[in-house]
Amino acid sequence: MTRVAVCAPSTPITREDADRVVALAAAEFPGVELLVHDQCFAIEGHFAGSDAQRIAALVECANDPGIDAVWFARGGYGACRVAQAAIARLDHAARDKRFLGYSDAGYLLGGLYRERLGRQVHAPMLADIRREGGVGAVRRTLGYLAGERAGL
């Protein structure tokens with residue numbers, strides 16, 4: 001079983017979007033368990049909670065030795081506000097994880113790469129379920145997490 005923590009270092013997602021993706025994973029990718037952090041639904045301005053909340057959730061997910069991958073829920077400016085502080089708090093458990101996202105999550109991916117933490121994957125995010133073609137995009141990410149290589 002691949003355990004994937006979802007956190008939102010930038011902007012929030014809706015419970016409905018999270019529920020859709022969790023249901024898709026359960027129906028089509030039984031080897032992938034999605035754990036959506038409650039912080040994903042926090043709102044402070046246009047961010048998914050305060051900088052401190054977003055840092056804490058990312059660090060919690062990345063430092064959990066029982067988690068195989070960290071999937072960023074959605075893009076947005078918030079990631080660059082927290083990247084340096086969050087990465088500074090990551091420990092040995094983060095070294096073996098995959099980190100998935102794009103857009104402003106690229107600040108995190110680049111910082112993780114610089115620090116040789118984990119494996120960075122430019123991939124669709126959970127919130128992409130809302131976009132045209134989003135179900136296919138999310139399916140490709142879930143497939144990758146399940147070990148498929150068709151979307152590479």
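When reading the values below, keep in mind they use all heavy atoms of this one structure, side chains included, and skip hydrogens, waters and symmetry mates. What you see is a predicted model; the values in this text were computed from it and never measured.
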Side chains of L90 and V59: closer than 4.5 Å at any heavy-atom pair?
yes
Using a 4.5 Å cut-off on heavy atoms from C-beta on, say whether the side chain of R139 contacts that of F29.
yes
Of V32, L34, L126, the one forming a side chain to side chain contact (heavy atoms under 4.5 Å, CB included) with V22 is L34
Check G76 against T11 and note the closest heavy-atom contact, atom names and distance.
CA-CG2, 4.5 Å
Check this for me: F47, atom CZ, are more than 12 non-hydrogen atoms of other residues, nucleotides or ligands nearer than 6.0 Å?
yes
Gap separating the CG atom of D104 from the CZ atom of R74, nearest 0.5 angstrom
11.5 Å
Spatial distance of atom CD (Q53) from atom CD1 (I43) [nearest 0.5 Å]:
11.0 Å
Heavy-atom pair of closest approach, residues P12 and A42
CB-O, 3.4 Å
Pairs flagged by ring pair (Phe, Tyr, Trp, His ring centres under 6.0 Å) wherever residues 59-79 is involved - sequence neighbours left out
none
Out of curiosity, I67 CD1 to D96 CG, how far, rounded to the nearest 0.5 Å?
13.5 Å
Taking everything shown except R116 itself, do over 12 heavy atoms lie less than 6.0 Å from its CZ?
no
Within a strict 4.5 Å, meaning less than it, do heavy atoms of the E16 and D19 side chains meet?
no
In Å and rounded to the nearest 0.5 Å, what is the CZ to CG distance from R98 to D68?
7.0 Å
Please find the pair of heavy atoms, one from D64 and one from G66, that lie closest to each other, and give the distance.
OD1-N, 2.7 Å
Of all heavy-atom pairs linking S10 and A79, the shortest is OG-N, 3.0 Å
Shared hydrophobic cluster, L109 / V70 (ILVMFWY, side-chain heavy atoms < 4.5 Å)
yes
Heavy-atom side-chain proximity of V6 to L35 below 4.5 angstrom
no
When you compare the side chain of S103 with that of M125, does any pair of heavy atoms fall below 4.5 Å?
yes
Taking the side chain as every heavy atom from C-beta outward, state whether L145 and L100 have any pair of such atoms under 4.5 Å apart.
yes
Over 12 foreign heavy atoms within 6.0 Å of CD, E28:
yes
In this structure, are over 12 heavy atoms from other groups packed under 6.0 Å from R130 atom CZ?
no
Approximate separation, where rounding is to 0.5 Å, of E44 CD and R54 CZ:
8.0 Å
Would a hydrophobic clustering, with Ile, Leu, Val, Met, Phe, Trp and Tyr connected at side-chain separations under 4.5 Å, put I13 with V4?
yes
First locate atom OH of Y113, then atom CD1 of I87, and finally report the distance between them rounded to the nearest 0.5 Å.
14.0 Å
Can you tell me which residue among Q39, R89, H37 is in a side-chain hydrogen bond (donor to acceptor under 3.5 Å, both in side chains) with E60?
H37
Would I55 and Q84 count as a side-chain contact (heavy atoms from CB on, under 4.5 Å) if you check the C-alpha gap in whole Å, the side-chain angles of each, and the deciding distance to 0.1 Å?
CA-CA 10 Å; I55 291 166; Q84 186 173 7; over 6 Å; no
Of the non-hydrogen atoms in A94 and N63, which two are nearest, and what is the gap between them?
CB-OD1, 4.3 Å
Counting N and O atoms only, with roles assigned by atom type, does the side chain of T141 sit under 3.5 Å from a partner on the main chain of A123, one being a donor and the other an acceptor?
no
Would you mind reporting whether F99 and L108 have side-chain heavy atoms less than 4.5 Å apart?
no
